[in-house]
Amino acid sequence: MASRFGLAEDIMSVTEPRIVFLRRDGEMVPLPEGMGLVLPTRLGPFVRTRLFTWPQKLRAGLDVFLPRYLDQEDMSIGRFLRHRLGSAVIERLADPLIGGIYGTSIEELSVDAVLPMLRDYEDESRSLVLASLLSGRKAPKGGGSPFRTLRGGLGDLIDALLTHLRAHQGFEERLGCAAVSLTTDHEGASRLRLASGEVITADVAVLATPAPVTATLIEGERPAAAVALRAIPHASTAVVSMGYRAEAFPEPPVGHGFLDASTGESGRSPSSGCTITSHKWAGRAPDGTVLIRSFLPERSRALVSRPDNEVFAAVERDIAETCGATEEPILRRIARWDNLMPKYTVGHKDRLATIEAALADRPRWHLAGASYRGVGLPDCITSGQAAAAATLAQRGDTASATDTG
Ligand SMILES: Cc1cc2nc3c(=O)[nH]c(=O)nc-3n(C[C@H](O)[C@H](O)[C@H](O)COP(=O)(O)OP(=O)(O)OC[C@H]3O[C@@H](n4cnc5c(N)ncnc54)[C@H](O)[C@@H]3O)c2cc1C
């Protein structure tokens with residue numbers, strides 16, 4: 001998509017070497033090389049890692065002999081992986097890695113909605129470890145990191161998209177204005193009411209708002225769909241960015257960052273992990289400075305609700321303890337993402353089916369965005385493209401009209 005909008009030259013990859021640590025009760029252990037999202041794709045680094053004791057590695061190896069565990073029913077990733085690989089793999093690897101992405105624990109996330117490949121692995125090979133090692137052998141060598149960004153920041157993609165759209169005759173936009181309801185009139189056209197009082201009439205509508213907002217928009221006309229949309233929980237997370245002088249670190253921080261794999265609530269860090277942004281991406285901070293982003297997950301909600309200075313103080317303490325910062329930061333920023341991160345909990349796919357059934361008689365309303373079939377940006381773009389394709393296919397000659405009321 002970035003290439004399509006003329007940004008091919010600006011796409012950049014993470015810096016090498018890609019070293020990520022797991023922080024466990026104060027100790028930093030490198031993430032073993034060749035780890036897929038939760039499973040090893042190479043045996044050697046997994047056998048040699050200090051992350052697990054020998055009994056824990058042997059327990060994970062038991063997976064090779066266990067019979068299939070999943071039946072037709074969905075299950076939490078935590079329960080499934082604990083059965084197959086043992087508790088240590090959950091606590092030290094799977095929860096920090098997957099829970100870190102969703103801002104919540106894998107004990108509530110769904111195998112079928114979040115990691116359907118685990119079911120495929122079990123179906124095809126019975127053993128997850130063997131299936132993952134096999135996929136590692138088939139993968140092209142030296143594929144590099146899948147992570148990409150844009151040199152000027154991801155906002156450039158939105159700017160380029162808007163420039164592209166604004167060049168089209170008939171394109172109109174309303175920014176900074178909330179939608180409050182979506183209904184259909186007696187001729188079957190959709191009527192979107194805005195907080196300003198304006199009503200936009202359209203032959204097709206794409207609802208790319210988070211599921212709880214979409215529920216509010218359509219509940220007057222489709223209450224059953226609204227109930228199912230509200231049943232998709234959304235986590236609150238926050239990102240705190242701290243900039244330091246390089247001299248603040250007697251020992252320069254190493255690697256791209258770390259994920260927190262500590263257990264037990266007491267004395268636990270407020271952060272699920274930190275990215276050393278100035279190491280991970282070239283050009284993200286001026287020379288002679290270090291930029292660190294700390295992720296505060298759902299379990300730190302109470303802290304995140306406190307005033308900024310209290311949140312900053314907690315994160316500063318954490319960075320001082322973990323990375324050895326001896327000075328105060330020279331830059332502090334916080335971004336709160338309230339009720340925004342969808343949690344695909346057990347039964348998520350059933351909820352999607354309920355929503356689809358409840359909207360079956362509204363074929364010109366399309367849902368898109370992170371609440372449904374993938375939270376990653378590529379998934380969101382795919383869902384937007386699918387909605388756009390369906391819209392174009394459905395649109396006749398009826399142009400959308402605007403009236404104020
Ligand atoms: C901290 C954090 C880090 C992340 N890191 C990554 C990453 O590294 N890689 C990755 O792939 N993904 C990442 N994600 C996930 C990804 O960014 C999101 O899943 C994705 O941006 C969601 O896109 P969306 O369009 O569905 O929702 P949003 O971007 O939330 O868009 C929803 C839009 O709806 C608008 N809206 C809300 N209410 C109304 C209303 N009443 N009327 C009109 N408009 C309304 C909002 O203003 C917003 O513009 C991250 C997410 C978070 C929170």
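Atoms within a ligand are numbered from 1 in the order they appear, just like the ligands themselves. All residue numbers in this chain count up from 1 along the given sequence. Everything quoted here is computed from the prediction, not taken from an experiment.
- Applying the ring-ring contact (aromatic ring centres under 6.0 Å, His included) criterion to Phe312, with sequence neighbours excluded, gives no partner residue.
- No side-chain donor from either of Ser110 and Thr345 sits under 3.5 Å from a side-chain acceptor of the other.
- In summary, Arg119 and Glu122 do not engage in a salt bridge, as defined by a charged side-chain N under 4.0 Å from a carboxylate O.
- Aromatic ring orientation, His168 versus His164: tilted (interplanar angle from 30° to 60°).
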Output, or 'none' if empty, a list of ligand 1-protein atom pairs in which both atoms are N or O and the distance is under 3.5 Å, rounded to 0.1 Å.
| unit_1 | atom_1 | unit_2 | atom_2 | d |
| --- | --- | --- | --- | --- |
| ligand 1 | 11 (O) | Leu377 | N | 2.7 |
| ligand 1 | 19 (O) | Val375 | O | 2.5 |
| ligand 1 | 26 (O) | Ala370 | N | 2.7 |
| ligand 1 | 41 (N) | Ala179 | O | 3.1 |
| ligand 1 | 42 (N) | Ala179 | N | 2.8 |

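- Separation of the Phe52 and Phe46 ring centroids falls under the 6.0 Å cut-off.
- Tested against Ser269 for a side chain to side chain donor-acceptor pair (under 3.5 Å), the candidates Arg317, Glu321, Arg23 yield a single pass: Arg23.
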